[in-house]
Amino acid sequence: MKQRYIQYLIAVSTLAIIGLVAIQVYWVNNTFTLREQDFGSAVSKALNEVSEQLEEEEMIRLSEATATAPSVNIRNGGDSGTVIVNYGIRGIDVIKPEEVGQLPQSDSMMSLQGEILSQSGILDDVMNGLFELDIYKSVAERLDTVLMDSLLQTALANRGIKAYYVYGVFSRLKTPEILPFQAASYEDQLLIEGYRSQLFPNDPYSDTNYLRIFFPHQSRYLLGSMWKMLATAISLLLVIMFLFSVSIRIIYRQKKLSDIKNDFINNMTHELKTPIATISLACEALNDPDMRTSENAMSNYVGMIRDENKRLGVLVENVLRTSIFEHGEMKLRWQEIDVHETIERVIANIEIQVRKKKGEIITHLDAGITTIEGDQLHVTNVIYNLIDNAIKYCETQPLIEVFTRDEMEGVAIEFKDNGIGISKENQRKVFDKLFRVPTGNIHNVKGFGLGLSYVKGVVEKHGGTVDVNSELRKGSIFTIHLPYKRKHEKED
């Protein structure tokens with residue numbers, strides 16, 4: 001798949017994800033708005049119910065008080081000339097004729113009643129009764145805060161509202177008449193954001209007052225009531241985004257593997273064509289009758305064929321090693337190995353390549369215990385590959401240093417070079433199969449990107465580890481750690 005198509009795919013998928021997220025956010029916002037409206041409607045109904053209950057409670061109390069209020073009735077006492085006054089619970093008073101005579105004469109009974117009420121003190125009793133009926137009391141005196149709080153809790157609970165709230169009673173001029181201690185810090189919110197209901201709306205004598213309620217954590221409460229729905233929506237979005245990111249990574253990984261394989265095939269084709277072409281030319285030369293008469297020429301061509309044939313064998317062996325590793329079919333022949341002897345033998349075989357580039361290999365073999373348990377062939381190949389890479393990836397005269405040191409349970413072998421180095425990004429990839437470090441303007445570095453993958457596989461098969469520390473243009477240090485004894489079951 002071309003890079004352009006992948007970018008189009010990512011762009012379209014990203015837009016689809018953004019659209020899905022936008023729809024989810026819009027849906028959640030609408031749901032929250034509806035919940036908020038339902039919540040406000042329920043609170044308003046609860047407040048109206050509380051207001052009605054408070055008014056009913058006062059009417060009951062007023063009815064009970066009215067039953068004991070002064071009731072005045074004035075009539076003549078008959079021939080005795082007395083005036084009988086009957087008023088409420090004070091019973092019956094009798095005003096004697098001489099007391100009546102002291103009263104101003106009136107033309108009617110109404111005038112007489114007024115005079116009697118005024119002079120006998122009954123009028124004061126009537127007015128006191130009116131005050132007892134709460135007509136002229138303030139709203140703070142008329143309301144029982146304990147009862148009001150209880151009614152509020154009950155009304156809200158009946159509607160499924162369990163959120164924390166504060167309340168207060170305010171006049172029409174927004175002056176606080178009743179403001180509990182816990183509501184003092186929320187006075188502005190009660191006036192601006194709180195829900196309200198008028199108290200005693202049917203009382204023509206009282207001033208207009210409002211019961212106000214405010215929920216400090218209303219949004220959190222409403223979101224909490226939606227947590228299952230929100231959790232489901234968020235989980236689905238996260239799953240979709242995760243799968244999207246995984247898909248993109250897989251696509252890029254496949255694209256990268258495809259590019260690596262194409263490079264591998266191209267490189268392998270080039271590597272195989274060179275020895276094949278050389279062998280073909282040598283064979284044609286040997287078929288020339290003139291060449292058969294020259295033993296030196298024939299010997300050179302035969303040697304050329306032999307060398308190129310060995311080269312072909314090495315190429316095929318590298319590919320086969322990788323295939324064996326992939327299928328887990330590598331069998332190690334365990335035996336005791338002297339690390340120092342193996343290093344010196346590899347250096348002796350590869351030193352000619354170093355000399356061709358006018359380089360040098362320096363050893364610092366400081367390990368005290370040099371014997372480990374492992375496969376002689378594969379350990380030798382590991383050391384060879386690391387030194388061979390140090391030679392190939394050097395733009396100048398290669399200077400390679402090999403160190404050994406003792407560790408707690410094994411031996412460490414370190415390879416330091418002055419090559420082109422490896423970037424931090426590529427250091428994580430150098431042990432991947434088919435990966436080759438970019439060489440900039442160097443195009444003559446041969447290989448398939450299988451060497452370091454093979455090194456890591458062999459070392460891990462021995463129960464060890466391999467790591468790299470490198471800096472561009474300053475060289476690299478590869479270190480392998482091999483245990484003295486293997487830590488897994490023996491293989492046949």
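All of these numbers come straight from a predicted model, not from anything done at the bench.
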**Request:** Please check if the side chain of Ser51 supplies one atom and the backbone of Gln198 the other of a donor-acceptor pair under 3.5 Å.
**Result:** yes
**Item:** Between CD on residue Gln427 and CD on residue Glu425, distance to nearest 0.5 Å
**Value:** 10.5 Å
**Fill in**
For Ile178 and Val139, the nearest pair of non-hydrogen atoms, with its separation, is CD1-O, 4.5 Å
**Prompt:** Under a 4.5 Å cut-off applied to non-hydrogen side-chain atoms, are Ile387 and Asn389 in contact?
**Reply:** no
**Item:** Closest approach of Phe403 to Lys416 (non-hydrogen atoms, all atoms of both residues)
**Value:** CE1-CB, 4.2 Å
**Message:** For Asn158, give me all partners under side chain to side chain contact (heavy atoms under 4.5 Å, CB included), at least two apart in sequence or on another chain.
**Reply:** Thr154
**Item:** Any residue meeting side-chain hydrogen bond (donor to acceptor under 3.5 Å, both in side chains) with Gln37, in chain and number order, not counting sequence neighbours
**Value:** none
**Prompt:** Are the side chains of Met229 and Thr31 in touch, meaning some heavy atoms are under 4.5 Å apart?
**Reply:** yes
**Heavy-atom closest pair, residues Ile10 and Thr14** = O-OG1, 2.6 Å
**Request:** To the nearest 0.5 angstrom, please state how far the OG1 atom of Thr145 sits from the CG atom of Leu152.
**Result:** 11.0 Å
**Item:** Selection residues 226-238 - residue pairs positive for side chain to side chain donor-acceptor pair (under 3.5 Å), sequence neighbours left out
**Value:** none
**Request:** Measure the spacing between CD1 of Ile480 and CG of Leu386 and express it to the nearest 0.5 Å.
**Result:** 6.0 Å
**Item:** Thr465 vs Glu460 side-chain heavy atoms within contact, under 4.5 Å
**Value:** no
**Message:** So, using ring pair (Phe, Tyr, Trp, His ring centres under 6.0 Å) as the criterion, who are the partners of His217 when residues are at least two apart?
**Reply:** none
**Prompt:** Between Leu190 and Phe170, is a side chain to side chain contact (heavy atoms under 4.5 Å, CB included) present by the stated rule, with each step listed?
**Reply:** CA-CA 9 Å; Leu190 281 165; Phe170 294 81; 4.2 Å; yes
**Message:** Counting C-beta onward and ignoring hydrogens, is there a side-chain heavy-atom pair between Val411 and Ile372 closer than 4.5 Å?
**Reply:** yes
**Asked** At their closest point, which heavy atom of Gly475 faces which heavy atom of Ser470, and how far apart are they?
**Response** O-OG, 3.0 Å
**Message:** Would you compute the distance between atom CD of Glu57 and atom CG of Leu143 and round it to the nearest 0.5 angstrom?
**Reply:** 11.5 Å
**Working for side chain to side chain contact (heavy atoms under 4.5 Å, CB included), residues Phe415 and Thr479** = CA-CA 6 Å; Phe415 302 85; Thr479 306; over 6 Å; no
**side-chain hydrogen bond (donor to acceptor under 3.5 Å, both in side chains) partners for Gln218, two or more places apart** = Tyr195
**Request:** Could I get the full list of side chain to side chain contact (heavy atoms under 4.5 Å, CB included) partners for Phe32, not counting sequence neighbours?
**Result:** Glu36, Ser219, Leu222, Leu223, Met226
**Verdict with reasoning, Ser171 to Asn209, per side-chain hydrogen bond (donor to acceptor under 3.5 Å, both in side chains)** = CA-CA 4 Å; Ser171 69; Asn209 293 283; 5.1 Å; no
**Asked** Is a salt bridge present between Arg405 and Glu414, judged by a nitrogen-to-oxygen distance below 4.0 Å?
**Response** yes
**Prompt:** Is the closest side-chain donor-acceptor distance between His481 and Asp467 under 3.5 Å?
**Reply:** yes
**Prompt:** Looking only at atom types and distance, does a side-chain atom of Asn48 sit under 3.5 Å from a main-chain N or O of Ser44, one as donor and one as acceptor?
**Reply:** yes
**Message:** Ignoring hydrogens and geometry beyond distance, is a side-chain donor-acceptor pair present between Asn30 and Thr33 at under 3.5 Å?
**Reply:** no
**Request:** Sequence neighbours left out, what passes ring pair (Phe, Tyr, Trp, His ring centres under 6.0 Å) with Phe478? Give chain and number order.
**Result:** none
**Item:** Arg142 with Glu55: basic N within carboxylate O range, under 4.0 Å
**Value:** no
**Prompt:** With sequence neighbours excluded, what pairs up with Glu56 under the salt bridge (charged side-chain N to carboxylate O under 4.0 Å, His left out) test?
**Reply:** none
**Request:** Please examine the side chains of Phe215 and Leu156, heavy atoms only from C-beta on, and report whether any two atoms are closer than 4.5 Å.
**Result:** yes
What donor-acceptor contacts under 3.5 angstrom involve side-chain atoms of residues 159-168, with partners at least two apart or in another chain?
residue, atom, partner, partner atom, Å
Arg159, NH1, Glu49, OE1, 3.1
Arg159, NH1, Ala155, O, 3.2
Arg159, NH2, Glu49, OE1, 3.0
Tyr165, OH, Asp149, OD1, 3.1

**Request:** Ignoring hydrogens and angles, tell me if any N or O in the side chain of Asp375 forms a donor-acceptor pair with the backbone of Trp334 under 3.5 Å.
**Result:** no
**Request:** Might you work through the side chain to side chain contact (heavy atoms under 4.5 Å, CB included) test for Arg473 and Glu395, ending with a clear yes or no?
**Result:** CA-CA 10 Å; Arg473 303 300 172 187; Glu395 296 176 330; 3.0 Å; yes
**Request:** Decide yes or no for Leu472 and Ile422: does some side-chain heavy atom of the first lie under 4.5 Å from some side-chain heavy atom of the second?
**Result:** no
**Asked** Side-chain contact, heavy-atom cut-off 4.5 Å: Leu191 with Arg212?
**Response** yes
**Message:** Tell me every residue that passes side-chain hydrogen bond (donor to acceptor under 3.5 Å, both in side chains) with Glu187, counting only those two or more places apart in sequence or in another chain.
**Reply:** none
**Item:** Those residues that, when tested against Glu193, pass side chain to side chain contact (heavy atoms under 4.5 Å, CB included) (two or more places apart)
**Value:** Gln189, Phe214
**Message:** For the residue pair Tyr454 / Asn385, report whether a side-chain donor-acceptor contact shorter than 3.5 Å exists.
**Reply:** no
**Prompt:** What distance do Cys394 atom SG and Ile420 atom CD1 have between them, rounded to the nearest 0.5 Å?
**Reply:** 9.0 Å
**Item:** Sequence-distant partners of Gln24, side-chain hydrogen bond (donor to acceptor under 3.5 Å, both in side chains), two or more places apart
**Value:** none
**Prompt:** Taking the side chain from Ser197 and the backbone from Leu211, do they hold a donor-acceptor pair closer than 3.5 Å?
**Reply:** no
**Complete:** The reported gap from CG in Leu20 to CD1 in Ile240 (rounded to nearest 0.5 angstrom) is 5.0 Å
**Item:** Closest non-hydrogen atom pair, Asp406 against Gly368
**Value:** OD2-N, 2.7 Å
**Request:** Measure the shortest side-chain to side-chain distance between Ser13 and Phe244 over non-hydrogen atoms and say whether it is less than 4.5 angstrom.
**Result:** yes
**Item:** Nearest atoms (heavy-atom pairs only) where Gly410 meets Tyr484
**Value:** O-OH, 3.0 Å
**Request:** Apply the test side chain to side chain contact (heavy atoms under 4.5 Å, CB included) to residues Met59 and Phe200: give CA-CA distance (whole Å), side-chain angles for both, the deciding distance (0.1 Å), then the verdict.
**Result:** CA-CA 10 Å; Met59 291 300 295; Phe200 309 116; over 6 Å; no
